[in-house]
Engineer: 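What follows is a structure written as structure tokens; I'll ask about it next.
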Amino acid sequence: MSIELNGKTIETDKNGYLVNAEDWSKELAEHIAQSEGLALTQKHWDLLEYLRDEYFNNNATQPNTRHICKAMSDKWGTSVAQKDVYDLFPKDPSKQGGRIAGLPESRRKGGY
């Protein structure tokens, strides 16, 4: 599979994850999100940046939903429930969020 963006072909695997993480850009994230029916807000970006930071700066960690909720609670200064992050990424914050963030597919289950 592939994504066409600004005359460039970006390769993805059969599940829509980037083959080369270096191909990721904010513009590509917007494109992927839009194709999945999402309009990215600052809260979406906070979560995407957290996922990217954990992966690229913390030994390829891919946080589950519980860790995402804790990190976003700290970031936003309010209690963030699982429902709140699923409202942002209905197809699973760690998996759908990871795909939009340009990360490889996580092989573990999401959630707690």
Side-chain angles (χ1 to χ4, degrees):
M1 294 179 59
S2 61
I3 298 170
E4 296 293 327
L5 183 66
N6 297 329
K8 183 178 178 188
T9 301
I10 299 165
E11 294 300 318
T12 64
D13 68 12
K14 64 182 168 107
N15 294 321
Y17 290 83
L18 296 182
V19 171
N20 298 306
E22 302 82 33
D23 289 335
W24 186 85
S25 67
K26 287 189 173 190
E27 185 178 22
L28 179 61
E30 291 277 2
H31 178 81
I32 296 169
Q34 185 178 30
S35 73
E36 296 188 16
L38 299 175
L40 299 180
T41 65
Q42 185 57 51
K43 286 190 175 187
H44 288 93
W45 284 112
D46 289 345
L47 199 151
L48 294 174
E49 289 167 2
Y50 167 70
L51 292 174
R52 287 184 61 79
D53 182 60
E54 284 295 301
Y55 186 79
F56 291 110
N57 298 318
N58 194 12
N59 201 27
T61 299
Q62 291 184 291
N64 65 16
T65 303
R66 182 174 62 98
H67 289 106
I68 292 170
C69 289
K70 181 173 179 354
M72 293 305 97
S73 291
D74 294 344
K75 172 92 176 158
W76 300 332
T78 185
S79 180
V80 174
Q82 186 173 354
K83 178 193 177 309
D84 300 322
V85 293
Y86 271 91
D87 285 346
L88 295 172
F89 296 101
K91 295 178 183 171
D92 190 315
S94 63
K95 293 187 183 282
Q96 184 179 31
R99 185 173 47 255
I100 294 170
L103 305 179
E105 184 171 9
S106 171
R107 297 293 176 201
R108 61 156 175 71
K109 293 181 179 179
Y112 290 84

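These values consider heavy atoms only, across backbone and side chains, with no hydrogens, waters or symmetry-generated copies.
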Engineer: Under the side chain to side chain contact (heavy atoms under 4.5 Å, CB included) rule, what do Thr12 and Tyr17 come out as? Steps first, then yes or no, please.
Structural biologist: CA-CA 5 Å; Thr12 64; Tyr17 290 83; 6.0 Å; no

Engineer: Once you round to the nearest 0.5 Å, how far does CG of Leu18 lie from CG of Leu28?
Structural biologist: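 Spacing of CG (Leu18) from CG (Leu28) equals 5.5 Å.
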
Engineer: The test is side chain to side chain contact (heavy atoms under 4.5 Å, CB included); show your working for Ile100 and Leu38 and say whether it passes.
Structural biologist: CA-CA 10 Å; Ile100 294 170; Leu38 299 175; 3.9 Å; yes

Engineer: Is there side-chain contact between Ile3 and His31, with at least one heavy-atom pair below 4.5 Å?
Structural biologist: yes

Engineer: Test your reading of the model: is there a side-chain donor-acceptor pair from His44 to the backbone of Leu88, 3.5 Å cut-off?
Structural biologist: yes

Engineer: Does Leu48 reach the side chain of Phe89, with side-chain heavy atoms less than 4.5 Å apart?
Structural biologist: yes

Engineer: Just by modelled atom types, is the Gly16 backbone N or O under 3.5 Å from a matching donor or acceptor in the Asp13 side chain?
Structural biologist: yes

Engineer: Could you tell me whether the side chain of Gln96 reaches within less than 4.5 Å of the side chain of Tyr86, counting heavy atoms only?
Structural biologist: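 No. Closest side-chain heavy atoms not under 4.5 Å.
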
Engineer: Give a yes or no on whether Phe56 and Trp24 share a hydrophobic cluster (residues Ile, Leu, Val, Met, Phe, Trp, Tyr; joining criterion: side-chain heavy atoms under 4.5 Å apart).
Structural biologist: yes

Engineer: Could you note down all residue pairs passing salt bridge (charged side-chain N to carboxylate O under 4.0 Å, His left out) where residues 43-62 supplies at least one of them, sequence neighbours left out?
Structural biologist: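 Sorted pair list: Lys26-Glu49.
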
Engineer: Do Tyr55 and Pro63 touch side chain to side chain, with heavy atoms closer than 4.5 Å?
Structural biologist: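 No, side chains not in contact.
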
Engineer: Among Asp87, Leu51, Thr65, find the one that has a side chain to side chain contact (heavy atoms under 4.5 Å, CB included) with Pro93.
Structural biologist: Thr65

Engineer: For the residue pair Tyr50 and Met72, establish whether any side-chain heavy-atom pair is separated by less than 4.5 Å.
Structural biologist: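 Yes - at least one pair of side-chain heavy atoms lies under 4.5 Å apart.
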
Engineer: Following the transitive rule for hydrophobic clusters with a side-chain heavy-atom cut-off under 4.5 Å over Ile, Leu, Val, Met, Phe, Trp and Tyr, establish whether Met1 and Leu5 coincide in one cluster.
Structural biologist: no

Engineer: With a cut-off of 6.0 Å (strictly less than), are more than 12 heavy atoms of other residues, nucleotides or ligands near CD of Glu36?
Structural biologist: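 Check passes, neighbour count above 12.
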
Engineer: Who are the salt bridge (Lys or Arg N to Asp or Glu O under 4.0 Å) partners of Glu11, not counting sequence neighbours?
Structural biologist: none

Engineer: I'd like to know if the side chain of Asn6 reaches the main chain of Lys8, judged simply by a donor and an acceptor atom lying under 3.5 Å from each other, with no hydrogens or angles considered.
Structural biologist: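 Not a single qualifying donor-acceptor pair exists.
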
Engineer: Would you check if the side chain of Asn59 reaches a backbone N or O of Thr61 as a donor-acceptor pair within less than 3.5 Å?
Structural biologist: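 Looks like no, no N/O pair under 3.5 Å.
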
Engineer: Within the distance-only criterion (no hydrogens, no angle test), does the side chain of Lys95 pair as donor or acceptor with the backbone N or O of Ser106 below 3.5 angstrom?
Structural biologist: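 It does hold such a pair.
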
Engineer: Got a second to check how far Lys75's NZ is from Ile68's CD1, nearest 0.5 Å?
Structural biologist: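 Reported to 0.5 Å precision, the distance equals 14.5 Å.
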
Engineer: Spell out, as yes or no, whether a donor-acceptor pair under 3.5 Å connects the side chain of Thr9 to the backbone of Glu4.
Structural biologist: no

Engineer: Which residue is it: Arg66, His67, Gln62? I am looking for the one with a side-chain hydrogen bond (donor to acceptor under 3.5 Å, both in side chains) to Asn64.
Structural biologist: His67

Engineer: Would you say Ser2 and Val19 make side-chain contact, with heavy atoms under 4.5 Å?
Structural biologist: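 With C-beta onward as the side chain, the pair stays apart.
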
Engineer: Ignoring hydrogens and angles, state whether a donor on the side chain of Ser94 or Asp92 is under 3.5 Å from an acceptor on the partner side chain.
Structural biologist: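 Per modelled atom types, Ser94 and Asp92 side chains form a pair under 3.5 Å.
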
